[in-house]
K.L.:
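Following this message is one structure expressed as structure tokens.
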Amino acid sequence: MENNSPNFVRTIIKEDLESGKHNHIITRFPPEPNGYLHIGHAKAIILNFGVADEFNGETNLRFDDTNPIKEDVEYVNSIKEDVEWLGYTWDNLFFASDYFDEMYERALLLIKKGLAYVDDLSADEIREYRGTLTEPGKNSPYRDRSINENLDLFEKMRNGQFKNGEKVLRAKIDMSSPNINLRDPVIYRISHTEHHNTGDKWCIYPMYAFAHPLEDAIEGVTHSLCSLEFEDQRPLYDWIVKNCEMQHTPRQYEFGRLNLTNTVMSKRKLRQLVEEGYVDGWDDPRMPTISGLRRRGYTPEAIRNFCQEIGVSKAYGTIDSQMLDHFVREDLKLKAPRTMGVLKPLKVVITNYPEGEVEWLEAENNPENPEMGSRLIPFSREIYVEQEDFMENPPKKYFRLFPGNEVRLKHAYFIKCEEVIKDEEGNVIELHCTYDKETKSGSGFTGRKVKGTLHWVDANHSIPAEFRNYQPLIMDENPTEEEEEKTFLERVNPQSLEVMNGFVEPNMKQVNPQDKFQFFRHGYYNVDPKHTTKDNLVFNQIVSLKSSFKL
RNA sequence: UGGGCUAUAGCCAAGCGGUAAGGCAACGGACUUUGACUCCGUCAUGCGUAGGUUCAAAUCCUGCUAGCCCAGCCA
């Protein structure tokens, strides 16, 4: 799906190319490897790679690994997998830690220019000296150390002669700036921590505010796209690039991050859901992580089309998750074979059908895509239909089975409900129906019409399967009963997972993990790669079909 | 009550001085062996608000209002 609707990032790049400011653009996707990617990251990935592809530029995948206590190779591997799965190939793979030597040199340069100093204040003291949103900060008593003393101290920091937190390196800018980011930001801290990439080579690590602009400049990134909360960092970003005398001058542009209804989109919260056992991992199908969406059965194409369509802007908004659902259905419509599955079975005996007989009926695999061919499905005297396709006392406009009513069985015959069998408690446990041989599917029968068509499965030839239907994991606040504001954990939906045991057509035996199907009248399902075994088929509901039916 | 940003339909979003694109949702109707799909139609005399400039303003100017972000040795 091609979408050329303009956005401000694309406009800026186009202008930069036309004006000759750049003749080649470079973007980057710079995740910190401290968690799994989610659909909000997908928006950033698609923007960065998409815009570079459009203008024949390049995109680097760069891990922003400047804080070893939070980062791990587990995450770098999952991030690479997710970016590739989304369909993108990075031009270069980099790590911020590749540049630690150069960053150290640039810090030295700042010190030599009198633009950085080693501070002995504690974290608490630095906070106090920083001032508040409305009051200016005040200078650290260590702010005016000599260049030589700073050089000596910084080297000692590097050599491990101080403990964590004992000293930091700060940029010397302006303690009274209305922009708090410019009040002598810390640019290096001491952390005696092993780094996943550099091991124990370093015990000082650069802060984001210092490292990120340097990373961009080193790579020759032209357009550094990030989210809105970094807007206040931009003056500092430019200050670092300029004063560190970088050859390239990358520009930072900020866009609004993706928010979706009925979900949470922060790594911290997602991690909490995983660690506190609300879900069975980062790839739980209810998670908005890329790996969760993948296991749920979403396709890269659907996610890409969705991100194209929602656009990129600087406004703060929350997209209705129905929009995502739409693009999933749209993508799977022609790709997924259609089949029948009964999630909550109700046995039907067709009393006038010969005992012991089985006939094999032809069924097209996707009427909207004839190339998918057809299959044969068994039909005999006993079948299962969906429990909710029968009502003893139906309301008006109920087209399904009820005593005396006739319906069509998809690909088979008309059947008429003659008798309702109940157990001692009065629950309906079986239906006795009769069929009309004349009405066979494909026979061209036009004698009479029925309003309802039901899906079904042969009781003696079908195979058992587990179905997992999902509701949003996190419910949005209900504005009607707005008592106290709830934390996101209080909004966890206890009914987000519904497991059902039903039956599918016999040819589903040879299905593979991640295969996708449309179960008639239910929706799209994915073969769960984690729980499916040879003897236990598990289908994850990707998205239901739309329905205008209401009781 | 410091600074930075944002405001176009229920939700996204184009629009850049010439008279409000598109998508999602919703609602009618047609078709239908999926209450699906598809198709057709409806959906902002209005662009947060009040003024101003102009022949002409969502677009320019001024004031106001509301919301979001910033006081990590996180990113």
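Letters A, B, ... mirror the listed sequences (proteins, then strands); counts begin at 1.
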K.L.:
Can the ring centres of A:Y142 and A:Y117 be said to be less than 6.0 Å apart?
P.N.:
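They do not qualify: ring centres at least 6.0 Å apart.
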K.L.:
Between B:G35, B:G3, B:G2, spot the one nearest the side chain of A:N179, thanks.
P.N.:
B:G3
K.L.:
If B:U6 has a Watson-Crick or G-U wobble mate with both distances under 3.5 Å, name it; if not, just say none.
P.N.:
B:A66
K.L.:
What does the list of N/O pairs under 3.5 Å between the protein and nucleotides 6-8 of chain B look like, with a distance for each?
P.N.:
none

K.L.:
Picking from B:G35, B:A75, B:G72, which would you name as closest to the side chain of A:S547?
P.N.:
B:G35
K.L.:
May I ask you to check whether A:D119 and A:S140 show a side-chain donor-acceptor distance below 3.5 Å?
P.N.:
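A:S140 and A:D119 do have a side-chain donor-acceptor pair below 3.5 Å.
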K.L.:
Checking ring pair (Phe, Tyr, Trp, His ring centres under 6.0 Å) between A:F467 and each of A:F539, A:F517, A:F503, which is the one that passes?
P.N.:
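Only one of A:F539, A:F517, A:F503 forms a ring pair (Phe, Tyr, Trp, His ring centres under 6.0 Å) with A:F467, namely A:F539.
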K.L.:
Would you say A:R143 has more than 12 foreign heavy atoms packed within less than 6.0 Å of its CZ?
P.N.:
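Yes, enclosed.
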K.L.:
Does atom NZ (A:K335) have a neighbourhood of more than 12 heavy atoms from anything else shown, all under 6.0 Å?
P.N.:
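Count over threshold, so yes.
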K.L.:
In residues 133-142 of chain A, which residues come under 4.0 Å of RNA chain B by heavy atom?
P.N.:
A:L133, A:T134
K.L.:
If the plane angle is over 60° it's perpendicular, under 30° parallel, otherwise tilted; pick one for A:Y525 and A:H522.
P.N.:
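Taking A:H522 first and then A:Y525, their aromatic rings stand perpendicular (interplane angle over 60°).
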K.L.:
Output one letter per nucleotide in nucleotides 18-25 of chain B: B when a protein non-hydrogen atom lies under 4.0 Å from the base, S when only the sugar-phosphate is that close, - when neither is.
P.N.:
-----BSS
